[in-house]
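Written below as structure tokens is the structure these notes are about.
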There are 2 protein chains.
Amino acid sequence: MILTVTLNAALDITYRVPRLRPRDSNRVTEVAERPGGKGLNVARVLAALGHDAVATGFAGGDTGDALRAMLAQETGVTDALVPIGAATRRTVAVVDTAGGDTTQLNEPGPTVSPAEWEAFLTRYRELLDGAQAVALCGSLPPGVPVDVYARLTRTARAAGVPVLLDTSGEPLRRGLAARPDLAKPNAAELASLTGHNEPLRAARDARRRGAHTVAASLGADGMLAVTADGSWQAAPPRRIAGNPTGAGDSAVAGLLSGLVEGVSWPDRLVRAVALSAATVRAEGAGEFDRATYEELLGEVTVTDGPAAA
Amino acid sequence: MILTVTLNAALDITYRVPRLRPRDSNRVTEVAERPGGKGLNVARVLAALGHDAVATGFAGGDTGDALRAMLAQETGVTDALVPIGAATRRTVAVVDTAGGDTTQLNEPGPTVSPAEWEAFLTRYRELLDGAQAVALCGSLPPGVPVDVYARLTRTARAAGVPVLLDTSGEPLRRGLAARPDLAKPNAAELASLTGHNEPLRAARDARRRGAHTVAASLGADGMLAVTADGSWQAAPPRRIAGNPTGAGDSAVAGLLSGLVEGVSWPDRLVRAVALSAATVRAEGAGEFDRATYEELLGEVTVTDGPAAA
């Protein structure tokens with residue numbers, strides 16, 4: 001079983017409007033809802049790849065109920081979310097059909113009480129017993145300590161479970177110090193963390209800050225992995241047009257599935273890049289176009305990078 | 001008891017953002033929710049005026065649950081909403097704190113099944129037994145026949161209950177033909193219905209289309225009533241600055257309370273205009289500033305208009 005943690009899960013709402021008119025009244029022509037938050041997206045892709053995926057984190061209120069009801073309809077993802085009193089946040093993506101662009105509105109998230117936080121830690125320890133790997137994903141809701149990912153990383157490592165960390169800002173900085181097995185920042189997050197714009201240099205810096213391995217997603221350029229044994233970069237054969245939302249989460253699912261299946265680093269990168277590109281071709285986060293994925297598995301190229309610094 | 005009907009109730013969500021950036025990601029700093037829809041706003045104001053207010057219409061899904069939970073916390077409004085399978089719509093008002101303007105996003109509403117529609121009609125007939133007046137308010141959700149207000153008006157009149165109709169477009173046009181006791185369009189709705197921009201002429205035309213009395217809200221200019229016994233116009237003593245959302249609903253509550261209390265038409269108009277202006281000074285729809293209301297009751301001026309046409 002692979003465990004994913006989403007402390008700030010969301011009910012993702014998509015509105016389509018013919019043309020968004022700011023400062024005016026807009027009639028929404030189409031409404032779609034889905035469970036959101038990075039860890040839930042990762043779990044969904046893992047389940048689609050045939051893995052037993054368990055999602056934990058927090059859910060509460062009517063929005064939490066709606067999220068859990070949709071999660072229950074999906075095959076393969078086991079709901080291990082911890083109930084809270086405050087309501088799960090919403091995100092609203094307003095798609096302007098004529099302009100082809102999206103305006104995003106993100107609620108801050110529910111305040112988690114100390115008792116709820118303790119209940120989560122108990123649940124997390126229980127779930128680690130039996131997990132082959134754990135992914136710690138996304139932003140933090142109010143009330144959760146900023147060093148949370150460091151604490152969750154240490155707990156997982158004490159239980160012998162490999163940890164993948166996918167977050168940004170201060171939670172990333174603090175989390176790295178607890179020595180996760182793998183950190184997956186994107187290029188911007190990596191630059192913000194280290195002050196280096198050059199991905200190889202920044203990834204090496206992030207390793208020095210504590211991550212055993214750094215896999216940096218480089219958008220359309222693919223992914224760079226810097227490990228103790230060497231570095232590799234995988235790139236898609238061509239630029240894939242579409243919606244990049246969730247592409248990073250699919251890459252995490254690719255890396256995790258490769259980890260628990262024991263495949264080599266170059267093959268993990270191929271899987272992550274193919275899944276990422278196949279997500280760009282799909283409707284939304286947590287989904288991927290299977291035909292594109294299978295086709296790209298044979299087309300993603302891997303080049304050896306410099307040896308470990 | 002005064003009955004209000006809201007066929008397309010809404011969960012009204014307000015987001016505050018420091019500055020709305022279209023085509024970008026916006027962090028919402030403040031989230032507020034309230035039960036929405038014109039009839040629910042009317043019921044809330046009636047309850048605040050000391051009347052026994054009962055709200056019916058449709059509610060469903062997690063958004064409907066949230067709406068009903070908030071309605072239960074309010075004193076005075078009795079929840080007689082009919083449950084449906086589809087989810088109650090949301091409206092999202094994005095307030096740009098820096099610009100002071102609002103971008104509104106309105107979901108279309110749930111599809112009501114024929115069986116749900118029949119369940120509503122049964123409930124409506126039961127509720128009319130004991131109602132002193134009924135207000136039919138707002139837009140229609142998908143699946144509800146466009147002549148619904150005509151049918152609901154005829155049913156109420158057969159039960160001897162006075163009917164106030166507050167809607168627009170085709171539902172208004174059809175509803176008027178069933179001869180409601182009172183129609184309350186605003187100036188734009190009246191012009192759209194009749195093709196006349198001059199309110200007195202348009203109101204007279206609307207009476208010829210079936211309404212016994214027409215009370216037209218004229219925004220900051222107050223309200224014009226055209227009845228079988230004469231016409232009156234009431235105006236606030238000064239322009240009131242603030243948020244006009246819900247001002248028309250408060251005017252409906254003023255007219256209804258005046259109707260069931262048997263006060264004269266000029267006094268009904270004074271009450272409607274004072275409530276309307278006091279709502280502009282309050283936070284949101286369904287609320288009014290009581291001090292402003294009581295002060296304006298003595299300051300709204302009423303002028304006699306031409307005799308009935």
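Just so it is clear, the values below take in all heavy atoms, side chains as well, and ignore hydrogens, waters and symmetry mates. Please read these numbers as outputs of a predicted model, since none were measured by experiment. All chains are named by letter (A, B, ...) in the order of the sequence lines, taking the proteins before the strands, and each is independently numbered beginning at 1.
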A/Leu11, part contacting chain B, at a heavy-atom distance under 4.5 Å: side chain

A/Arg21 versus chain B, heavy atoms under 4.5 Å apart: side chain, backbone, both or neither? backbone

Please report the interatomic distance CG(B/Asp62) to CD(A/Glu33), rounded to the nearest 0.5 Å. 8.0 Å

Per-residue tally against chain A (heavy atom, under 4.5 Å) across B/Val92, B/Asp96, B/Thr102 peaks at B/Thr102

Chain B: which of A/Val31, A/Leu20, A/Thr63 shares the most heavy-atom pairs with it under 4.5 Å? A/Val31

Look up atom CD1 in B/Ile13 and atom CD1 in A/Ile13, then write down how far apart they are to the nearest 0.5 Å. 6.0 Å

For A/Arg281, does the CZ atom have more than 12 heavy-atom neighbours from other residues, nucleotides or ligands under 6.0 Å away? no

For a 4.5 angstrom cut-off between non-hydrogen side-chain atoms, does B/Val28 reach A/Arg89? no

Mark yes or no for whether A/Thr103, through its side chain, and B/Asp24, through its backbone, hold a donor-acceptor pair below 3.5 Å. no

Using non-hydrogen atoms only, which part of A/Ser25 is less than 4.5 Å away from chain B: side chain, backbone, both, or neither? both

